[in-house]
Amino acid sequence: MLRGVRQLKSSTSPAPGANVGPARLAVRARSNNKGNAGGRLARELLDVVQGGPKLRKWYGQESGLPRDGGEPEPPQQQEPRQQQQQQELEEDGEKDTVLVTDADTPTGELVVLQLILLRAKVRILVKDTAAAKTGYGPYVEPVSVDTGSAGGLARALRNVRSVIVLGKLGALPQAAAKAGVERLVLLSTAGMPQPGGLAGLFLSSADAALKDPQREAAVTGSGIPSVVVKAGVIQDTPGGSSRIQVQPASLSSSSSSSKQSSITREDLASAIVAGAVYLPGLGGSSSSSSVAYEVADAGPGQPPESWQQLLEGLAAARTQ
């Protein structure tokens, strides 16, 4: 990511077709957030891109990366460390990694950035690993794998504890079960009212794929504890300045809300990450170990102060 940061600082007008990942997002966040007192993620993204106080607190100066929060590594040691990380991928170890699929989509980029801010160990599935390395630097491990390939997925799922699924499933549920993944988090808009007319025609291919109800059935029937995060209309406007309504949702698409709701992509990313990180253990290996919740903009106000507390209450109500 810091290499992407340096590119951003050296030129405010990237070449056509250039992909600077989080740097590009941060510039967009800054321009979209003018006059908006909210947008916590936008401010945090700018800190990431500019190497601001948040990054310096956890990672030291730009000249080197720390060892688990300690002293920065000398620059000459960083390349061997990247090779070591690749070797570690080939060996089974502690399940401490979050895998994000379709991480090069707009929602995926925001989810990845929030995981980085939480200091999670992140592996991402992308089409262009070189662009991802340029954009994120050492903060994520990009992998290019066909989700229809069980062998490729088996390698990508090594040491993975949770998988955040933001697109097509392919062979992922079966491969994740075989790899011992402990949680699947699925973004779904199945059964949720979507905009009609021209607005409905201009849904991106990534957002359109989320409407398939078979995705929910495949994930909840995988035998892995799962979280389904359901959303209505996804808006590309600044987030962090609205109250968020979180309520239990049915896993059956035919029983979902009949009222159209909306949520910003940024706030949706927060809800998705919360399902992977904060939701209490689900336990079990059946459909009863699956939980679904719907998230929606509830008007001007403050976003949840504690996603953990909010989801703990949701989990408690589910067991009553």
Side-chain angles (χ1 to χ4, degrees), residues 1 4 19-29 32 41-42 44-45 48-49 97-118 120-148 152-153 156-157 160-170 172-173 176 181 183-190 203-212 215 219 226-231 233-240 263-277 295:
M1 182 184 293
N19 187 342
V20 293
R24 171 172 50 82
L25 267 179
V27 171
R28 186 171 64 200
N32 287 345
L41 178 61
E44 290 170 342
L45 298 190
V48 170
V49 172
T97 301
V98 180
L99 177 68
V100 182
T101 74
D102 292 84
D104 42 10
T105 61
T107 304
E109 289 180 328
L110 288 168
V111 167
V112 170
L113 287 164
Q114 295 207 22
L115 287 168
I116 291 173
L117 291 170
L118 290 175
K121 188 173 182 180
V122 186
R123 186 176 300 149
I124 61 176
L125 296 189
V126 294
K127 296 182 180 68
D128 189 338
T129 57
K133 288 178 181 178
T134 299
Y136 294 107
Y139 301 107
V140 303
E141 180 185 353
V143 180
S144 181
V145 171
D146 179 3
T147 55
L153 283 172
L157 288 165
V160 167
R161 180 180 181 184
S162 301
V163 179
I164 296 176
V165 186
L166 302 177
K168 294 181 179 179
L169 288 173
L172 184 60
V181 169
R183 179 172 299 189
L184 294 177
V185 180
L186 176 75
L187 171 60
S188 174
T189 61
L203 280 178
S204 69
S205 58
D207 287 347
L210 304 178
K211 299 189 297 182
D212 182 4
R215 297 169 69 249
V219 165
S226 58
V227 180
V228 178
V229 182
K230 306 198 73 165
V233 180
I234 303 172
Q235 297 182 329
D236 288 304
T237 54
I263 188 169
T264 69
R265 200 176 296 275
E266 179 183 325
D267 290 333
L268 177 59
S270 296
I272 294 167
V273 170
V277 176
V295 290

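Values below: all heavy atoms of this structure, side chains included; hydrogens, waters and symmetry mates excluded.
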Non-hydrogen atoms of [X] and [Y] that approach each other most closely:
X: Gln114; Y: Ala269; result: NE2-CB, 3.8 Å
X: Val227; Y: Gly275; result: CG2-O, 3.9 Å
X: Ala231; Y: Thr189; result: O-CG2, 3.3 Å
X: Lys133; Y: Pro142; result: CG-CG, 3.5 Å
X: Val145; Y: Gly152; result: CG1-C, 3.5 Å
X: Leu125; Y: Ala156; result: CD2-CB, 4.1 Å

Would you call [X] and [Y] a side-chain contact if the rule is heavy atoms closer than 4.5 Å?
X: Val98; Y: Val185; result: no
X: Val229; Y: Leu268; result: yes
X: Tyr136; Y: Val122; result: no
X: Leu115; Y: Ile164; result: yes
X: Ile234; Y: Leu210; result: yes
X: Asp128; Y: Asp104; result: no
X: Val100; Y: Val140; result: no

Sidechain-backbone polar pair: [X] side chain, [Y] backbone, donor-acceptor under 3.5 Å:
X: Arg183; Y: Val277; result: no
X: Arg123; Y: Val143; result: no
X: Arg215; Y: Leu187; result: yes

(request) Taking side chain to side chain donor-acceptor pair (under 3.5 Å) as the test, write out the residues that go with Thr101, two or more places apart. (result) none
(message) Test of understanding: with side chain to side chain donor-acceptor pair (under 3.5 Å), list the residues that count as partners of Thr264, not counting sequence neighbours.
(response)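 Listed in chain order: Asp267.
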(request) Can you spot which of Leu117, Val112, Ile116 makes a side chain to side chain contact (heavy atoms under 4.5 Å, CB included) with Tyr139? (result)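 In the set Leu117, Val112, Ile116, the residue that makes a side chain to side chain contact (heavy atoms under 4.5 Å, CB included) with Tyr139 is Ile116.
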(request) Could you walk me through whether Thr107 and Ile272 pass side chain to side chain contact (heavy atoms under 4.5 Å, CB included), step by step? (result) CA-CA 10 Å; Thr107 304; Ile272 294 167; 4.1 Å; yes
